[in-house]
Visitor: 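One structure, pasted below without further comment.
Both backbone and side-chain heavy atoms feed into the values below; hydrogens, waters and symmetry mates do not.
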Amino acid sequence: MLFFDLPMNTRSERRTYARFRKYLIKNGFTMVQFSVYSKIFPNRSSLDTYMMTLRQNLPKHGSIRAMAVTEKQYNKMYLLVGDQTLTEQTLTDNTMVIL
């Protein structure tokens, strides 16, 4: 899971925010809610490799945090208000996903 808070006071900062958000989506992240994105990795090794790539594409300002959770932990998340995203509805503990 990736959490970020980027400044959006100037036109340049808004452009940086948009570029970073598009970068995440292009790289397979899905929005859980505003400024919270998630992506599934098959194993810890691929996560660690991707984190090196991500670090090379971070904006210079703001706050960005990443947290690794297993699919099982993610599925135990409490949804207090709102609905599951389409991606969350599709993903379950089953290892096979039929689209």
Side-chain angles (χ1 to χ4, degrees):
M1 294 194 73
L2 190 78
F3 311 89
F4 63 94
D5 186 15
L6 301 178
M8 292 183 42
N9 299 320
T10 66
R11 187 176 189 180
S12 175
E13 290 173 341
R14 287 189 295 274
R15 195 174 310 123
T16 299
Y17 172 90
R19 269 193 223 121
F20 183 64
R21 185 179 173 279
K22 287 178 185 177
Y23 169 82
L24 293 176
I25 292 168
K26 182 180 173 186
N27 283 274
F29 282 83
T30 56
M31 185 173 77
V32 177
Q33 62 187 58
F34 293 119
S35 299
V36 179
Y37 285 71
S38 66
K39 180 177 177 168
I40 295 175
F41 292 91
N43 53 48
R44 185 63 183 218
S45 175
S46 63
L47 168 65
D48 293 339
T49 301
Y50 182 76
M51 290 305 291
M52 288 187 285
T53 304
L54 178 63
R55 283 187 177 104
Q56 297 170 357
N57 291 284
L58 295 175
K60 295 184 193 285
H61 304 287
S63 175
I64 302 173
R65 297 165 191 250
M67 178 174 63
V69 296
T70 65
E71 283 185 70
K72 192 171 185 178
Q73 291 168 331
Y74 186 87
N75 286 329
K76 289 183 180 181
M77 180 181 355
Y78 293 104
L79 180 59
L80 301 175
V81 175
D83 299 316
Q84 286 184 323
T85 64
L86 182 57
T87 304
E88 290 172 325
Q89 292 172 9
T90 305
L91 298 174
T92 63
D93 287 337
N94 299 331
T95 56
M96 182 192 300
V97 176
I98 300 173
L99 301 176

Visitor: Are more than 12 heavy atoms from other residues, nucleotides or ligands located less than 6.0 Å from atom CG of D83?
Guide: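 Open.
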Visitor: Is there a path of hydrophobic side-chain contacts, each under 4.5 Å between heavy atoms of I/L/V/M/F/W/Y residues, joining M51 to I25?
Guide: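 Yes.
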Visitor: Before you tell me yes or no, could you show the steps for I40 and Y74 under side chain to side chain contact (heavy atoms under 4.5 Å, CB included), namely the whole-Å CA-CA distance, both residues' side-chain angles and the distance that decides it to 0.1 Å?
Guide: CA-CA 10 Å; I40 295 175; Y74 186 87; over 6 Å; no
Visitor: Measure the shortest side-chain to side-chain distance between F20 and L58 over non-hydrogen atoms and say whether it is less than 4.5 angstrom.
Guide: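 SC-SC contact between F20 and L58 confirmed.
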Visitor: Would you mind reporting whether P7 and T16 have side-chain heavy atoms less than 4.5 Å apart?
Guide: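 No; the side chains remain at least 4.5 Å from each other.
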Visitor: I'd like to know if M8 and L24 are part of one continuous hydrophobic network [Ile/Leu/Val/Met/Phe/Trp/Tyr, side-chain heavy atoms within less than 4.5 Å].
Guide: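 Linked within one cluster.
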Visitor: Got a donor-acceptor contact below 3.5 angstrom from the E13 side chain to the N9 backbone?
Guide: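 Side chain of E13 to backbone of N9, a donor-acceptor pair under 3.5 Å: yes, one is there.
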Visitor: Closest heavy-atom contact between K39 and N27?
Guide: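 Smallest heavy-atom distance, with atoms named: NZ-O, 2.5 Å.
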Visitor: Using a 4.5 Å cut-off on heavy atoms from C-beta on, say whether the side chain of M52 contacts that of D48.
Guide: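 Not touching, per the 4.5 Å side-chain cut-off.
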Visitor: Looking at every heavy atom in both L47 and A68, which two are closest together, and how far apart are they?
Guide: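 The pair with the smallest heavy-atom distance is CD2-CB, 3.6 Å.
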Visitor: Can you find a pair of side-chain heavy atoms, one from L2 and one from L54, that are under 4.5 Å apart?
Guide: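 Contact flag for L2/L54 side chains = yes.
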Visitor: Would you mind reporting whether K22 and R19 have side-chain heavy atoms less than 4.5 Å apart?
Guide: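 R19 vs K22: side chains apart.
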Visitor: Do I64 and F34 belong to the same hydrophobic cluster, where Ile, Leu, Val, Met, Phe, Trp and Tyr are linked whenever their side-chain heavy atoms lie under 4.5 Å apart, directly or via other members?
Guide: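 They do share one cluster, since a chain of ILVMFWY contacts under 4.5 Å joins I64 to F34.
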Visitor: Once you round to the nearest 0.5 Å, how far does CD of Q84 lie from CE of M77?
Guide: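 Taking CD in Q84 and CE in M77, the distance rounds to 9.0 Å.
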Visitor: When clusters are formed by joining ILVMFWY residues with side-chain heavy atoms under 4.5 Å apart, either directly or through shared neighbours, do F4 and V36 land in the same one?
Guide: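 No, F4 does not connect to V36 through the hydrophobic network.
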Visitor: Among the clusters formed by ILVMFWY side chains lying less than 4.5 Å apart, do F41 and Y23 turn up in the same one?
Guide: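 F41 and Y23: one cluster.
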Visitor: Is the closest side-chain heavy-atom distance between Y17 and S35 below 4.5 Å?
Guide: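 Result yes, sub-4.5 Å side-chain heavy-atom pair found.
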